[in-house]
Student: 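Take a look at the following structure, please.
Values reported hereafter were calculated over all heavy atoms of this structure, with side chains retained and with hydrogens, waters and symmetry mates removed.
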Amino acid sequence: MSHKKVRVRFAPSPTGGLHLGGVRTVLFNYLFARQHKGDFVLRIEDTDQTRYVPGAEEYIYECLRWCGLNPDESPEVGGPFAPYRQSERKESYRQYAEQLVKSGHAYYAFDTQEELEEMRTRLKTPENPSPQYNHEVRKKMRNSITMEDAEVQDLLAKNTPHVIRINMPANIDLTFTDMVRGEVTFNTSTVDDKVLLKADGMPTYHLAVVVDDYLMKITHAFRGEEWLPSAPVHILLWKYLGWESHMPEWAHLPLILKPDGNGKLSKRDGDRLGFPVYAMNWTDPKSQELTKGFREMGFLPEAFINMLAMLGWNDGTGQEIFTLDELIEKFSIDRVHKAGAKFDFEKAKWFNHQYILHKDNETLASLFQPVLDEKGIKADLPYIVKVTALVKDRCYFVNDIWEHGFFFFERPKGYDEAAVLPKWNDDKAAFFSAWSEQLVGLTSASDVELENAFKALAAERNLKMGDVQLPFRIMLTGGKFGPPVFNIVATLGVEETRARIANGLAAFTK
RNA sequence: GCCGCGUUGGUCAAGGGGUUAAGACGCCUCCCUUUCACGGAGGAAUCACGGGUUCGAUUCCCGUACGUGGUACCA
């Protein structure tokens, strides 16, 4: 078992944007595979044809590319176990379902939707609000257990719509070991006769996941905790199909919850609370509704991944910033938390901030350039790099470079007059005129030289630095913000600075 | 309702029979800075409750409460 090559899979159904919990599942799969020199496969679980959403599959590929978590095998890149799209494997499932019928572990059921509904409403009581099609109920339904063999054969011969259901044992305790939770026990009496093969011939998730994990030689299965209650179905299927010794080890990952309580985080919460839930922007092809993504919000993929890794896992040392390679090296499934975690967007922002702080200015600047392009502002890269270096300290997102440095690209549209006017006087106006003249000779001065010259001039005219530096800043930026004044001057250049002094002087001297 | 899983500051969490119960985010104070950040130093704030077991439980066991997931021909 231990010498088997590790193979893991991420198996999303292409029904919309990829949720951050999904990306975390990808991450854990990926880390585990890389750490064990194994394979990471992407399998598309598109067995529900009624939920097919165009574009969702391509979106998933793009997400994984952006995150840098590329699969070794997938519908896109192929692989030795192709096809990787379950709809294309349709034909392979029926035989296994039939095999289960033959061995008595499954049966044909001919109940119509209406009959099922009727059964549920009839059996529904306050004590049992959701009646299940189980070992008791099946005795009163239309299936190959209650009907005569001849009748069943007849219905089958006439192509009567039917499903195949698992025949859950009435009362056995099923225990298995989960890598995250340890021993977990279920009694089969509490689980229903799940449909294995639908009337349209497609398998349900329950059958497909077992058959494909077997066929694709999956050794470890990671999935969200919401799957835990159906684990007994899957385990029994492995057993009934005769593959028990090949069954993967299970790991049910804790859920990511809403920040304000009450359930799993959903895309609606993002809209409601103002942060992304999907990895990238997703536009619903039907409604054209746009759901915002982390990528477009200005998250760096490394930061996004790092943040996700810490949601439910830590290495025990207190370290929080990890490169992907470090994560591959240090990740361990026994250090995955059992309890769900409320998502904290403030912490997510902090991660991105850390990555921005340590990212080189050239990369940041080129990521920022499109923002300028969009605004129709032309600036060359070296200049953007200088600006980036000056403002990145206060940026949580790449896009924030604009918010904190817009005045490097356009002149102030207005001034914080309340901060200047009350203390404005002729002496100060004269000082700035003189300073502007002096600047002509300082075209290649450094920020420090500029500051010294400014200080000397102020002293000469009996003005305190504090009295003139703030007005100067406001002339240049419009307000009480931005990097150190003389860095701004050095970046803007003498010519532009003089123009702004002139404008400021005009505005303040009314 | 039933079944499963869980519960350490507001949030993420380390720890796991004897500790001043780490650390991070956020919040607050101060220093640096004649803006704001960055950086630095501090601060407030935690073992859900009740029973056991034990010389001793935050830690182990059992209950309760609460949270969360499932209970589909969805995944």
Student: So which nucleotide from B:rG10, B:rU34, B:rG1 ends up closest to the side chain of A:E451?
Tutor: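 Nearest listed nucleotide: B:rU34.
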Student: Rounded to whole Å, please give me the gap between NE2 in A:H353 and P in B:rG26.
Tutor: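 Nearest whole value for this atom pair: 9 Å.
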Student: Heavy atoms from C-beta onward define the side chain here; which of B:rU35, B:rC12, B:rA14 lies closest to that of A:H337?
Tutor: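 Nearest nucleotide to the side chain: B:rA14.
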Student: Let me have RNA chain B in dot-bracket notation, would you? Count Watson-Crick plus G-U wobble pairs, both distances under 3.5 Å, and use [ ] for pairs crossing earlier ones and | for inter-strand partners.
Tutor: (((((((..(((.....[....))).(((((.......)))))....(((((..]....))))))))))))....
Student: Taking side chain as C-beta onward, heavy atoms only, is A:K124 less than 4.5 Å from A:P131?
Tutor: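 The answer is yes; the side chains approach within 4.5 Å.
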Student: Whole angstroms only, please: what is the CG-C1' distance between A:D393 and B:rU33?
Tutor: 13 Å
Student: If you only use heavy atoms from C-beta on, which nucleotide in B:rC12, B:rA24, B:rU7 is closest to the side chain of A:A341?
Tutor: B:rC12
Student: Distance-only, no hydrogens or angles: does the A:S13 side chain make a donor-acceptor pair with backbone N or O of A:D46 under 3.5 Å?
Tutor: no
Student: Is there a side-chain contact between A:D393 and A:H404, using heavy atoms and a 4.5 Å cut-off?
Tutor: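 In short, these two side chains do not touch, never coming nearer than 4.5 Å.
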Student: What residues, two or more places apart in sequence or in another chain, satisfy ring-ring contact (aromatic ring centres under 6.0 Å, His included) together with A:F10?
Tutor: none
Student: Once you apply a heavy-atom cut-off of 4.0 Å, does A:V184 come out as touching a base, just sugar-phosphate, or nothing?
Tutor: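 Since only primed, P, OP1 and OP2 atoms lie under 4.0 Å of A:V184, the category is sugar-phosphate.
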Student: Please report, rounded to the nearest Å, how far the C1' atom of B:rG9 is from the NZ atom of A:K342.
Tutor: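 In whole Å, B:rG9 C1' and A:K342 NZ are 13 Å from each other.
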Student: Using heavy atoms to find the nearest nucleotide of RNA chain B for A:E183 and A:E320 separately, return the residue whose nucleotide is more 5′.
Tutor: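 Taking each residue's closest nucleotide, the earlier one in sequence belongs to A:E183.
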Student: How is A:P126 classified with respect to the nucleic acid when contacts are heavy atoms under 4.0 Å: base, sugar-phosphate, or nothing?
Tutor: sugar-phosphate
Student: Which one, B:rC25, B:rG6, B:rG15, comes nearest to the side chain of A:E346?
Tutor: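 The nucleotide sitting nearest to the side chain is B:rC25.
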Student: Could you state the NE2-P distance from A:H252 to B:rC3, rounded to the nearest angstrom?
Tutor: 20 Å
Student: Check this for me: A:E183, atom CD, are more than 12 non-hydrogen atoms of other residues, nucleotides or ligands nearer than 6.0 Å?
Tutor: no
Student: I'd like the P distance from B:rG42 over to B:rC66, given in whole Å.
Tutor: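 Looking at atom P only, B:rC66 and B:rG42 are 42 Å apart.
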Student: Determine the Euclidean distance between corresponding P atoms of B:rU8 and B:rC47; express it in Å to zero decimal places.
Tutor: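 It works out to 11 Å between them.
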Student: Which part of the nucleic acid, if any, lies within contact of A:R223, taking any heavy atom under 4.0 Å across all strands shown: a base, the sugar-phosphate backbone alone, or nothing?
Tutor: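 It contacts nothing in the nucleic acid.
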Student: Grab the two heavy atoms, one from A:Y133 and one from A:A109, that are nearest each other, plus how far apart they are.
Tutor: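 Where A:Y133 meets A:A109 most closely, the heavy atoms are OH-CB, 3.9 Å.
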Student: NA contact type, A:G224, heavy-atom cut-off 4.0 Å: base, sugar-phosphate, or nothing?
Tutor: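 Touches nothing.
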Student: Using every non-hydrogen atom in the two residues, find where A:N352 and A:F299 come nearest and quote the distance to one decimal.
Tutor: OD1-CA, 3.5 Å
Student: What interatomic distance, in whole Å, is found between C1' of B:rA24 and the corresponding atom of B:rC32?
Tutor: 23 Å
Student: Verify the neighbour count for atom CD of A:E326: are there more than 12 heavy atoms of other residues, nucleotides or ligands below 6.0 Å?
Tutor: yes
Student: How many Å lie between CG on A:N128 and P on B:rC2, as a whole number?
Tutor: 10 Å
Student: Of A:K392 and A:D344, whose closest RNA chain B nucleotide lies nearer the 5' terminus?
Tutor: A:D344
Student: Using the P atom on both, measure B:rC62 against B:rU19 and round to a whole Å.
Tutor: 25 Å
Student: Test your reading of the model: is there a side-chain donor-acceptor pair from A:R138 to the backbone of A:D193, 3.5 Å cut-off?
Tutor: no
Student: Once you apply a heavy-atom cut-off of 4.0 Å, does A:P254 come out as touching a base, just sugar-phosphate, or nothing?
Tutor: nothing
Student: Given 3.5 Å as the limit, does a donor-acceptor pair link the side chain of A:Q99 with the main chain of A:V101, or not?
Tutor: no
Student: Check the distance between B:rG26's C1' and A:M310's CE and give it to me in whole angstrom.
Tutor: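 Taking CE of A:M310 and C1' of B:rG26, I get 17 Å after rounding.
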Student: Looking at every non-hydrogen atom in both residues, tell me the closest pair between A:F322 and A:N306 and how far apart they are.
Tutor: N-OD1, 2.8 Å
Student: Categorize A:F481 for me: base, sugar-phosphate, or nothing, with a 4.0 angstrom heavy-atom threshold over every strand shown.
Tutor: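 The answer is base, as A:F481 lies within the cut-off (heavy atoms under 4.0 Å) of a base atom.
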Student: For a quick test of reading the model: is some side-chain N or O of A:N314 closer than 4.0 Å to OP1 or OP2 of B:rA14?
Tutor: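 Checking B:rA14 against A:N314, a side-chain N or O does come within under 4.0 Å of OP1 or OP2.
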Student: Rounding to the closest angstrom, what is the interatomic distance between B:rG67 and B:rA48 at atom P?
Tutor: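 Between the two P atoms, the distance is 16 Å.
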Student: Can you give me the closest heavy-atom contact between A:Q319 and A:M310, atom names plus distance?
Tutor: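 Closest approach of A:Q319 to A:M310: O-CE, 3.6 Å.
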Student: Would you kindly give the NZ-to-P distance between A:K338 and B:rG16, to the nearest whole Å?
Tutor: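 That distance rounds to 12 Å.
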Student: Using the P atom in both, what is the distance from B:rU46 to B:rU34, to the nearest Å?
Tutor: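 Looking at atom P only, B:rU46 and B:rU34 are 39 Å apart.
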Student: Using the C1' atom as the point on both nucleotides, what is the distance between B:rG16 and B:rU11, in whole Å?
Tutor: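 Looking at atom C1' only, B:rU11 and B:rG16 are 22 Å apart.
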Student: Between B:rU7, B:rU35, B:rC38, which one does the side chain of A:A339 approach most closely?
Tutor: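 Given the options B:rU7, B:rU35, B:rC38, the side chain of A:A339 is closest to B:rU7.
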Student: Which parts of nucleotides 69-75 of chain B does protein reach within less than 4.0 Å, heavy atoms only, written one letter per nucleotide 5' to 3' as B for base, S for sugar-phosphate only and - for none?
Tutor: BSB-BBB
Student: Whole angstroms only, please: what is the CG-P distance between A:L470 and B:rU34?
Tutor: 13 Å
Student: Rounding to the closest angstrom, what is the interatomic distance between B:rA13 and B:rU54 at atom C1'?
Tutor: 29 Å
